[in-house]
Participant: 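Right, I'll just put the structure down here and ask away after.
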There are 2 protein chains.
Amino acid sequence: MSPIGKTRPTGRDRLRDSVLAGDLSFLLARANALTLAAANAALAEHGLKARSYSVLALAADDVRPTQRELAEFLRLDPSQVVALVDGLEKRQLVERRTDPADRRANVLVATDAGRALFARAQESARAVELGLLAAVTPEDHERLAQLLRLLAFPE
Amino acid sequence: MSPIGKTRPTGRDRLRDSVLAGDLSFLLARANALTLAAANAALAEHGLKARSYSVLALAADDVRPTQRELAEFLRLDPSQVVALVDGLEKRQLVERRTDPADRRANVLVATDAGRALFARAQESARAVELGLLAAVTPEDHERLAQLLRLLAFPE
DNA sequence: ACAAATAATTGACATTTTCAACGGTCCGTG
DNA sequence: CACGGACCGTTGAAAATGTCAATTATTTGT
């Protein structure tokens, strides 16, 4: 039947018809792993990783997040946010301002240098994203984002 | 305008309108984090995590993967697969058989106990998946899987 | 004014990731 | 057939991440 007579036929990605390949958790994990690796590779040029890029993005967005909000949003332990912000602050990309409305909290703001770097990094990020989505139409791209939002932000 | 007069209006998830929230990498990361946590919580009952569940799934699927194929498929370092398989083998859920076609390679096969455990774990996994997708219609569920496959298995 | 709750920080510890090196096996070429 | 180079699984160490409890400063409700 099969044109190839070997015991291990297709060789390359035989596992793609396994049950696991239908598992949403697995697909998410694998898609995320590939995407994360690509993003990190592209951001390295700017001295960033996906994590620090995310923090910088939120700081540059004038949404003035507290560290706790950052932790919740990025699904990190608050102590990890401390380290992340330390790194960005040491590079003068970001500033901690104690929230006047709640002096326990720090609000994050990007410096001008931070905004400039973010703008450049965003270009790289966008390029990577487009590369990954080469096989996806713009409508499907948006549809994918919509569906992921449902998973990422359950009501 | 806004009915709330505070400086920090909505309070809860203000960050959801930031630019980052439109970033596919971020949505993937966050969706994956939540999904992974839910999966791990559900699988703990069976002494499994998402990783070991995946390995067991492939072993139980009679696809006879080598450890290298496992590593590639799950996006893990080969040395991580060693540890994973060690764990499952110690619990007699899985066996290493040296591939007769290539004596360097180990092929993974599930034991009867492994198959039985997998069947039970799969139920838990399915339940979790349905819970996470409560807000998604079955058609969209399939569409999401399709789109994720494009990201997870770029040609 | 006080007790309980919350934000950030620190430090300890566990888990995961990443990498280089090694023995055993395979494969193509001479 | 023998050899060199590639490949598989394994080990061990180092780096990065994740998890948690304790601490200080501040807020909030009573």
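Chain identifiers are assigned alphabetically (A, B, ...) following the order of the sequence lines, protein sequences preceding nucleic acid strands; residue numbering begins at 1 within each chain.
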Participant: Between C1' on dC8(D) and CG on Leu108(B), what's the gap in Å once rounded to a whole number?
Facilitator: 13 Å
Participant: What about Arg103(B): does its side chain form a donor-acceptor pair under 3.5 Å with the base of dT25(C)?
Facilitator: no
Participant: dT10(D), dT27(D), dT17(C): which one has an atom nearest the side-chain heavy atoms of Pro78(B)?
Facilitator: dT10(D)
Participant: Would Phe153(A) and Leu34(B) satisfy side chain to side chain contact (heavy atoms under 4.5 Å, CB included), going step by step from the backbone distance to the final call?
Facilitator: CA-CA 9 Å; Phe153(A) 298 103; Leu34(B) 293 177; over 6 Å; no
Participant: Side-chain donor or acceptor of Ser79(B) under 3.5 Å from a matching atom on the base of dC19(C)?
Facilitator: yes
Participant: Answer with base, sugar-phosphate or nothing: what part of the nucleic acid does Asp77(A) contact at a heavy-atom distance below 4.0 Å?
Facilitator: base
Participant: Looking only at side-chain N and O atoms, does Gln67(B) come under 4.0 Å of OP1 or OP2 in dC8(D)?
Facilitator: no
Participant: With DNA chain D as reference, determine whether Arg104(A) or Val85(B) sits nearer its 5' end, using the nearest nucleotide of each.
Facilitator: Val85(B)
Participant: Between dA8(C), dT11(D), dA5(C), which nucleotide gets closest to the side-chain atoms of Asp86(B)?
Facilitator: dT11(D)
Participant: In whole angstrom, what separates Asp102(A)'s CG from dT28(D)'s P?
Facilitator: 6 Å
Participant: In whole Å, what is the span from the CG atom of Leu76(B) to the C1' atom of dT18(C)?
Facilitator: 12 Å
Participant: Among dC7(D), dT15(C), dT9(C), which is the nearest nucleotide to the side chain of Lys49(B)?
Facilitator: dT15(C)
Participant: Can you see if the side chain of Gln80(A) gets near the phosphate of dT17(D) - specifically, an N or O under 4.0 Å from OP1 or OP2?
Facilitator: no
Participant: May I ask you to decide whether Glu95(B) forms a salt bridge with Arg64(B), counting only side-chain N to carboxylate O separations under 4.0 Å?
Facilitator: no
Participant: May I have the distance from Leu36(A) (atom CG) to dT17(C) (atom P), rounded to whole angstrom?
Facilitator: 11 Å
Participant: Starting from P on dC8(D), measure out to CG on Leu70(B) and report it in whole angstrom.
Facilitator: 13 Å
Participant: Hey, does the side chain of Arg75(B) come within less than 4.0 Å of dT16(C)'s phosphate (OP1/OP2), counting only N and O?
Facilitator: no
Participant: Without decimals, in angstroms, what is the distance between Phe73(A) CZ and dA7(C) C1'?
Facilitator: 19 Å
Participant: Name the residue from Leu48(A), Val94(A), Leu56(A) that meets the side chain to side chain contact (heavy atoms under 4.5 Å, CB included) definition with Phe118(A).
Facilitator: Leu56(A)
Participant: Closer than 4.0 Å, any side-chain N/O of Arg68(B) to the OP1 or OP2 of dC8(D)?
Facilitator: yes
Participant: With a 4.0 Å cut-off, would you call Arg16(A) and Glu155(B) a salt bridge?
Facilitator: yes
Participant: Once you round it to whole Å, what is the distance between C1' of dA8(C) and CD of Glu69(A)?
Facilitator: 14 Å
Participant: Could you state the CG-P distance from Asn106(A) to dT6(C), rounded to the nearest angstrom?
Facilitator: 18 Å
Participant: Salt bridge or not between Arg97(B) and Glu89(B)? Use side-chain N to carboxylate O under 4.0 Å.
Facilitator: no
